[in-house]
Amino acid sequence: MVADTYPRVVEQVQDCGHEIGCHGHTHTPFTRLDKAAAQKELETSLAILRRFDKVGSFRAPNLVFPESYLDLLADNGIRIDSSLARYKRSFRDRAKHPSIKRLPVSLTSSVLRLPV
């Protein structure tokens with residue numbers, strides 16, 4: 001929705017040499033979406049973002065993406081998923097996928113909220 005509303009900002013990000021990646025269209029957690037709704041969320045977002053450039057990476061809102069939905073990413077041309085955080089249990093138990101490289105997030109704002 002942000003890219004559709006503020007296309008010039010996306011162009012500026014791109015002009016600075018940054019990659020355009022997908023984060024979904026409405027920022028709805030994918031755990032709240034059934035598979036058909038998740039597919040629509042991805043397709044809508046990717047259609048908008050691919051007006052600017054190819055998009056091959058994804059990071060789910062809240063760093064939570066159902067393992068059973070990994071095929072949706074692959075089917076939509078996503079090759080890198082960065083929806084994992086090393087400090088979450090899901091990182092240790094992550095599923096592998098034959099066509100998606102799963103890269104953990106190095107740092108997020110969530111780390112700043114962890115108790116010390």
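Heavy atoms only: backbone and side chains are in, while hydrogens, waters and symmetry mates are out.
- The side-chain heavy atoms of Arg102 and Leu70, taken from C-beta on, include a pair separated by under 4.5 Å.
- Taking the six-membered ring for Trp and thresholds of 30 and 60 degrees, Tyr69 and Phe65 have ring planes more than 60 degrees apart, a perpendicular arrangement.
- Linking ILVMFWY side-chain heavy atoms closer than 4.5 Å, directly or via other members, places Leu46 and Val13 in a single hydrophobic cluster.
- Summarising the geometry, atom CG belonging to Leu63 is positioned 9.5 Å from atom CG belonging to Asp81; distances are rounded to the nearest 0.5 Å.
- Between the side chain of Lys35 and the backbone N or O of Ser68 there is at least one donor-acceptor pair closer than 3.5 Å.
- The two residues Phe52 and Gln14 make their nearest non-hydrogen contact at O-NE2, 3.2 Å.
- When all heavy atoms are compared, the tightest approach of Ser83 to Ala60 is OG-N, 2.8 Å.
- Across every non-hydrogen atom of Ala74 and Ile100, the tightest pair is N-CD1, 3.7 Å.
- A heavy-atom distance below 4.5 Å is found between the side chains of Arg51 and Asp4.
- At distances below 3.5 Å, not a single donor-acceptor pair connects side-chain atoms of Ser82 with backbone N or O atoms of Arg59.
- For the atom pair CZ of Arg50 and CD1 of Ile20, the computed distance is 12.5 Å after rounding to the nearest 0.5 Å.
- The backbone N or O of Ile78 sits nowhere less than 3.5 Å from a side-chain atom of Asn76 that would complete a donor-acceptor pair.
- The CG atom of Leu33 sits 10.5 Å away from atom CG of Leu72, with the distance rounded to the nearest 0.5 Å.
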Next item on the list: Apply salt bridge (charged side-chain N to carboxylate O under 4.0 Å, His left out) to Glu41 and Arg32, showing your working.
Entry: CA-CA 12 Å; Glu41 180 83 2; Arg32 293 187 188 163; over 6 Å; no

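- Electrostatic pairing of Lys40 and Glu43 does not count as a salt bridge here, judged by no charged N lying under 4.0 Å from a carboxylate O.
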Check: Between Glu19 and Asp53, does a side chain to side chain contact (heavy atoms under 4.5 Å, CB included) hold up when you go through it step by step?
Finding: CA-CA 9 Å; Glu19 171 190 1; Asp53 200 1; over 6 Å; no

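- Contact check for Leu42 versus Cys22: side-chain heavy atoms found under the 4.5 Å cut-off.
- Contact record, Ala3 with Ile48: CB-CG2, 3.9 Å, taken as the closest heavy-atom pair.
- The distance from atom OG1 of Thr44 to atom CE of Met1, rounded to the nearest 0.5 Å, is 11.0 Å.
- The shortest non-hydrogen separation linking Phe58 to Gly24 is CE1-N, 4.2 Å.
- In this structure a side-chain-to-backbone donor-acceptor pair under 3.5 Å is present from Asp34 to Ala36.
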